[in-house]
*Asks:* 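Dropping a structure here in structure tokens format, bear with me for questions.
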Amino acid sequence: MTDNPTQERQPSDALHNMVELITRHWKGNRSAVNSETDLLIEEIRGRLDCSVREFPAGQEVLTWVIPHRWHVREARLEDTDGTVIADYAANPLHLWTNSVSFSGEVSRKELEQHLFHNPNRPTDVPYHFINGYRYNPHPDEWGFSLSTRDYEKLTASRYNVHIDTDVDTDGTMKVIDHVLPGNLSQTVFFAAHSCHPAQVTDGLSDVAILVELFARLANRRNRRYTYQLIVGPEYFTAAAFLAETPRERLKQFVGGIYLDMIGNGQKWAFSTSFQKDTLIDRVLANVIRHHTNDHAELAHRKLGGNDEMFYNGPGFDIPTAEFGCSLHPEHHTSGDNMDFLDREQIKQALLLVERVVDVLETDFVPLRKFEGPLYLSRYDLYMPLQENEHVHDVQERLQVLMDGRRSCFDLAHELGADYDYVRAFCEALEKHNLIERI
């Protein structure tokens with residue numbers, strides 16, 4: 001017996017919508033406070049008809065401070081003959097995040113302290129991100145990232161540098177904060193980060209999946225739980241959201257899932273919340289275990305180690321799991337591009353996160369109305385032992401355990417069974433008036 005409601009609801013344009021959003025924004029210079037990041041947020045706002053929260057650059061949130069606005073007009077590294085070695089216009093990864101303006105001729109020795117390359121990926125341009133997170137970086141901080149092969153060609157004694165940027169407090173960090181109310185005030189949130197220039201699966205693909213998920217959740221009638229979408233620059237968004245959201249509202253959060261690195265072609269992975277065995281942990285684990293071919297199960301923060309450390313951190317303790325794919329060699333390099341994107345994987349990810357919602361929305365408590373073991377073949381429900389020993393055992397044990405004290409998901413979790421199967425089995429018994437919902 002199988003039941004796959006999310007597969008049946010999969011619209012033909014879901015993948016198209018996700019890929020189009022990624023295509024439009026992946027090459028943008030998406031730093032924390034930046035007009036190109038704002039373009040992504042504005043598109044999401046229009047798609048979901050949702051609200052955007054703004055936090056001024058320089059505002060203190062928890063112990064963190066919203067970064068300065070960074071605006072780049074142009075940036076090039078050239079040899080003295082005018083040959084371009086690195087150009088921000090060709091790829092924003094060439095310029096270190098939050099580089100300040102600088103123009104002049106420098107020696108090869110002086111230039112060295114302003115260069116970054118990754119010998120492990122010799123043909124890729126690496127992402128130099130650390131200045132986007134430093135508090136008060138050095139006022140002369142600027143630099144270029146090159147492939148190792150281009151770096152090794154820098155044999156001249158002098159080079160020309162031209163960087164024209166603004167780094168100031170004239171701007172706001174923009175965050176999607178979208179709530180879909182349910183019959184319960186208890187809230188499950190989904191989150192991903194909007195930053196990281198010229199990266200596809202490190203943030204942007206995960207955002208595209210969640211935008212599609214919430215567009216579909218909006219069409220669900222009579223939602224049981226309240227769902228909240230949080231999208232913004234990593235770390236700073238979580239700090240600002242937690243600092244500015246009333247504590248009484250935060251107490252209504254039963255858990256959350258942070259998405260990262262989906263579409264990189266690696267095997268599925270999830271890391272648990274700090275608490276390890278909460279509702280959100282159990283539901284996510286059930287979905288991944290029964291609906292993927294291969295996956296890794298990791299401890300808290302051992303997948304990507306991202307905003308879950310805020311939501312599930314000191315003083316808040318909101319159970320937050322992370323779902324995505326194992327780390328890829330192209331991580332934080334120009335190799336994480338549109339050609340690299342695994343489109344089938346992001347489509348499957350949408351189905352998986354919607355399955356998580358399905359569990360939360362469709363779970364119920366079955367109470368048996370029969371005595372003695374069921375004559376299952378009479379109802380066309382019997383699974384012979386020789387065909388599937390696990391399902392056969394689940395069918396037998398379910399009959400004993402359906403005593404009105406456990407929900408379908410509780411039963412699935414206790415028996416190590418697929419929730420979809422357990423629920424479908426109980427619904428089939430309900431049709432024959434063998435159980436009732438309580």
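Along the sequence shown, residues carry numbers from 1.
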*Asks:* My understanding is that only one of L204, I176, V231 makes a side-chain contact (heavy atoms from CB on, under 4.5 Å) with L40; could you say which?
*Replies:*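 Exactly one pass, corresponding to L204.
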
*Asks:* Is it the case that E244 and Q59 place a side-chain donor and acceptor less than 3.5 Å from each other?
*Replies:*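 The answer is yes; a qualifying pair exists.
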
*Asks:* Between E212 and R216, is there a salt bridge with N-O shorter than 4.0 Å?
*Replies:*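 Looking at E212 together with R216, the answer is no, because their closest N to O distance does not fall below 4.0 Å.
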
*Asks:* Could you label the plane-to-plane angle of the H295 and F270 rings as parallel, tilted or perpendicular, counting under 30° as parallel and over 60° as perpendicular?
*Replies:*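 Rings of H295 and F270: parallel, as their planes differ by under 30°.
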
*Asks:* Does a side chain donor of either S103 or H162 reach within less than 3.5 Å of an acceptor in the other side chain?
*Replies:*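 On atom types as modelled, these side chains qualify, holding a pair under 3.5 Å.
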
*Asks:* Can R121 and E330 be counted as an ion pair, charged N to O under 4.0 angstrom?
*Replies:*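 The answer is yes: the pair qualifies as a salt bridge.
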
*Asks:* More than 12 foreign heavy atoms under 6.0 Å from CZ of F274: is that the case here?
*Replies:*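 12 or below, so no.
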
*Asks:* Parallel under 30°, tilted from 30 to 60°, perpendicular over 60°: which one fits the rings of F116 and W96?
*Replies:*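 If you compare the ring of F116 with that of W96, the planes turn out perpendicular.
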
*Asks:* Can we say K174 and E42 salt-bridge, meaning some charged N sits less than 4.0 Å from an Asp/Glu carboxylate O?
*Replies:*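 No.
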
*Asks:* Hydrogens and angles aside, do Y419 and N286 bring a side-chain donor and acceptor to less than 3.5 Å of each other?
*Replies:*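 No, N286 and Y419 have no side-chain donor paired with an acceptor closer than 3.5 Å.
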
*Asks:* Please list, chain by chain and in numerical order, all residues satisfying ring-ring contact (aromatic ring centres under 6.0 Å, His included) with Y311, sequence neighbours excluded.
*Replies:*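 Applying ring-ring contact (aromatic ring centres under 6.0 Å, His included) to Y311 gives F189.
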
*Asks:* Other residues, nucleotides and ligands only: do more than 12 of their heavy atoms fall within 6.0 Å of CG on D49?
*Replies:*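 Atom CG in D49 is not packed in, count stays at 12 or less.
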
*Asks:* Among D170, D168, N98, which one satisfies side chain to side chain donor-acceptor pair (under 3.5 Å) with R69?
*Replies:*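 Testing each of D170, D168, N98 against R69, the sole residue satisfying side chain to side chain donor-acceptor pair (under 3.5 Å) is D168.
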
*Asks:* If you measure only the distance, is there a donor-acceptor pair under 3.5 Å linking the side chains of S35 and D38?
*Replies:*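 Looking only at side-chain atoms, D38 and S35 do not form any donor-acceptor pair under 3.5 Å.
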
*Asks:* According to the interplanar angle, ranging from 0 to 90°, do the rings of F144 and W142 count as parallel (below 30°), tilted (30 to 60°) or perpendicular (above 60°)?
*Replies:*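 Rings of F144 and W142: perpendicular, as their planes differ by over 60°.
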
*Asks:* Could you tell me whether the side chains of D166 and H68 share a donor-acceptor contact shorter than 3.5 Å?
*Replies:*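 H68 and D166 do not have a side-chain donor-acceptor pair below 3.5 Å.
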
*Asks:* Within this structure, what is the CE-OG1 distance for the pair M18 and T23, rounded to the nearest 0.5 Å?
*Replies:*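 Interatomic distance, M18 CE to T23 OG1, rounded to 0.5 Å: 12.0 Å.
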
*Asks:* Could you tell me whether the side chains of H328 and N264 share a donor-acceptor contact shorter than 3.5 Å?
*Replies:*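 A pair is found: one side chain offers a donor N or O, the other an acceptor, under 3.5 Å apart.
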
*Asks:* Please answer whether the main-chain N or O of T320 pairs with a side-chain N or O of E308 as donor and acceptor at a distance below 3.5 Å.
*Replies:*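 Pair absent, no side-chain N/O of E308 close to backbone of T320.
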
